[in-house]
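Here's the structure we're looking at; comments come further down.
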Amino acid sequence: MKNLYEQDKKYILNTYNRLDLIIDKGEGSYVFDIDGNKYLDMYSGISVNNLGHDKGIVEAIIKQASKYMHLSNYFVSEPVVNLAKLLVENTFASKVFFTNSGTESNEAAIKLCRKYGKQTSENKYELLSAYNSFHGRTTGSLALTGQEKYQKNFMPLIPGVSHFKYNDIEDLKAKVNKNTCGLFLEIIQGEGGIVEISKEFMNEVIKLSKKYDFLIVIDEIQAGMGRTGDLFAYEQYDFTPHIVTISKSVGGGIPLGAMLVSKDVENILQPGDHGSTFAANPVSCAGGEYVMNKLVNTDLCNEVKSKGNYLKIKLNNLKENYPHIIKDVRGRGLMIGVDVGLYANDIKKIAQENRLLLNSTNNTIIRLLPSLCITTDEINEFLTIFEKILKEVK
């Protein structure tokens, strides 16, 4: 097992910067390496394992896998219908289109927006998204992703995509026009450093959508499914989106995504317009059904709000004690960014040495995405180790 790291480098295309750590198993908010060392996991698979390593998800997928692993989309499937019903009955959505990933969800939304626009004019195909956003890595979603570092080696991308400055109303107004068919927006930019949209900016998006007749697509791939303490982050704003794209934690760790659509656009895509061989996979949807039931039929989301508030208060206390390291603490629920400037990489490294797994984004932000089921004792464990690290790097 210990040469697995070298075999990974030998046989798998080198597109990831792996940690020098081999995980053997996961339990709750922890993972264990092959030597039995226990690590508090503040990654949660980058917001995929929102319920942590939950044995109930395992039981749900085993039960479905013992019946059948796959059916083509020529057949209806009970776990698929059950999950779609839970999503529709607990959200704004009228219909659901299932995918295998977040980037696929956004690709589906691109097609829906463009077909919607074409019903008005052949020229109404332009899409907008924010600078510093992240919407995926396939060519359509990569065009939406407003970060040159991801795009520059793959140009030209799909045409008709422009970017606006996040939270800059005047820049947005300058970019929107009669040929805009859709605007993609993260309520909280995850890869962009845990930055939240202002209510004033969101109100302007809504106003412009009505004026120019374009669809508002909310990317909840990282912020959704209870991560912020609401089922979706947009719920703190007074509007109903046309489309919401989700993935990451929907399947509880099994690949699954979805595009949720409102009543007024549910008939835009017709048979033959879009499809997927593997989605909706019934095993993934069985996991998703378990996840959704936990989110909507327990008090978990309210717990996320209270635990998130507690964590932010404690982090702000640390900010007062270590102002030369911690510049800002921001986010909502259990999606929190700690701006530590150029200390980010050192903090990550020292954390792993102290059996704490931390992720960073935007080069300067420690991104905290723990299990939504993390306990207060586990949060305190994190805080104790984190303060120890701050003392070491100062």
Seminar exercise, completed: In terms of heavy-atom contacts, S198 and N167 come closest through N-OD1, 2.8 Å
Exercise. Shortest non-hydrogen contact from I243 to A109?
Worked result: CG2-CB, 4.2 Å
Exercise. Just wondering, are more than 12 heavy atoms of other shown residues or ligands nearer than 6.0 Å to NZ in K149?
Worked result: yes
Exercise. When the ring planes of F201 and Y166 are compared, do they come out parallel, tilted or perpendicular, using 30° and 60° as the limits?
Worked result: tilted
For this session: State whether a side-chain donor-acceptor pair under 3.5 Å links Y116 with D213.
Result: yes
Problem set entry | For A279 against N73, the heavy-atom pair lying closest together | O-ND2, 2.9 Å
Exercise. Just checking, is any N or O donor in the side chain of Y5 or D20 under 3.5 Å from an acceptor N or O on the other one?
Worked result: no
Exercise. In this structure, which one of I22, L21, D24 forms a side chain to side chain contact (heavy atoms under 4.5 Å, CB included) with D33?
Worked result: L21
For this session: With the side chain counted from C-beta on, respond yes when Y237 and K199 share a heavy-atom pair under 4.5 Å apart, and no when they do not.
Result: yes
Exercise. Would a 4.5 Å heavy-atom cut-off, applied to side chains only, mark R330 and D339 as touching?
Worked result: yes
Exercise. How about N50 and S47: does a side-chain donor come under 3.5 Å of a side-chain acceptor?
Worked result: yes
Exercise. Does atom CG of D238 have more than 12 heavy-atom neighbours from other groups under 6.0 Å away?
Worked result: no
Exercise. If Ile, Leu, Val, Met, Phe, Trp and Tyr residues are connected whenever their side-chain heavy atoms lie under 4.5 Å apart, and connections chain through other members, are I246 and F134 in the same group?
Worked result: no
Exercise. If you draw a 6.0 Å radius around NZ in K348, do more than 12 non-hydrogen atoms from other residues or ligands fall strictly inside?
Worked result: yes
Problem set entry | Option from K111, K115, E107 for which side-chain hydrogen bond (donor to acceptor under 3.5 Å, both in side chains) with H274 holds | K111
Exercise. If every non-hydrogen atom of F184 is compared with every non-hydrogen atom of C113, which pair is closest and at what distance?
Worked result: CE1-SG, 4.3 Å
Problem set entry | Side chains of S141 and T103, donor plus acceptor under 3.5 Å | yes
Exercise. Would a hydrophobic clustering, with Ile, Leu, Val, Met, Phe, Trp and Tyr connected at side-chain separations under 4.5 Å, put L372 with L86?
Worked result: yes
For this session: May I ask you to test the M202-L185 pair for a side-chain heavy-atom distance under 4.5 Å?
Result: yes
Exercise. Taking the inter-plane angle between the rings of Y30 and F32 on a 0 to 90° scale, is it parallel (under 30°), tilted (30 to 60°) or perpendicular (over 60°)?
Worked result: tilted
Exercise. Can you check whether I374's main-chain N or O pairs, donor with acceptor, with K307's side chain at less than 3.5 Å?
Worked result: yes
Exercise. Side chains of H242 and V261: closer than 4.5 Å at any heavy-atom pair?
Worked result: no
Problem set entry | Which residues share a ring-ring contact (aromatic ring centres under 6.0 Å, His included) with Y290, sequence neighbours left out | none
Exercise. What orientation do H324 and Y322 show, parallel under 30°, tilted 30 to 60°, or perpendicular over 60°?
Worked result: tilted
Problem set entry | Beyond-backbone contact of Y343 with V338, side-chain heavy atoms, under 4.5 angstrom | no
Exercise. Any ion pair linking D54 and K294 (charged N to carboxylate O, less than 4.0 Å)?
Worked result: yes
For this session: Decide yes or no for I254 and I57: does some side-chain heavy atom of the first lie under 4.5 Å from some side-chain heavy atom of the second?
Result: no
Problem set entry | Salt-bridge present (K152, E148; N to O < 4.0 Å) | no
For this session: Consider only side-chain N and O atoms of D377 and T375, and report whether a donor and an acceptor are under 3.5 Å apart.
Result: no
Exercise. According to the interplanar angle, ranging from 0 to 90°, do the rings of H70 and F278 count as parallel (below 30°), tilted (30 to 60°) or perpendicular (above 60°)?
Worked result: tilted
Problem set entry | Ionic contact status for E353 with K349, cut-off 4.0 Å | yes
Exercise. So, F232 versus F92, ring centres under 6.0 angstrom or not?
Worked result: no
Exercise. Is the closest basic N to carboxylate O distance between K305 and D230 below 4.0 Å?
Worked result: yes
Problem set entry | E191/R367 salt bridge by N-O under 4.0 Å criterion | yes
Exercise. Looking at S262 and S94, what are the two nearest heavy atoms and their distance?
Worked result: C-CB, 3.9 Å
Problem set entry | Residue pair L356 / I389, side-chain heavy-atom distance below 4.5 Å | yes
Problem set entry | Check against side-chain hydrogen bond (donor to acceptor under 3.5 Å, both in side chains), S360 and N363 | CA-CA 7 Å; S360 65; N363 297 318; over 6 Å; no
Problem set entry | Partner of V340 under side chain to side chain contact (heavy atoms under 4.5 Å, CB included), chosen from D328, I347, T364 | I347
For this session: Answer whether the closest heavy-atom distance between the side chains of M335 and Q222 falls below 4.5 Å.
Result: yes
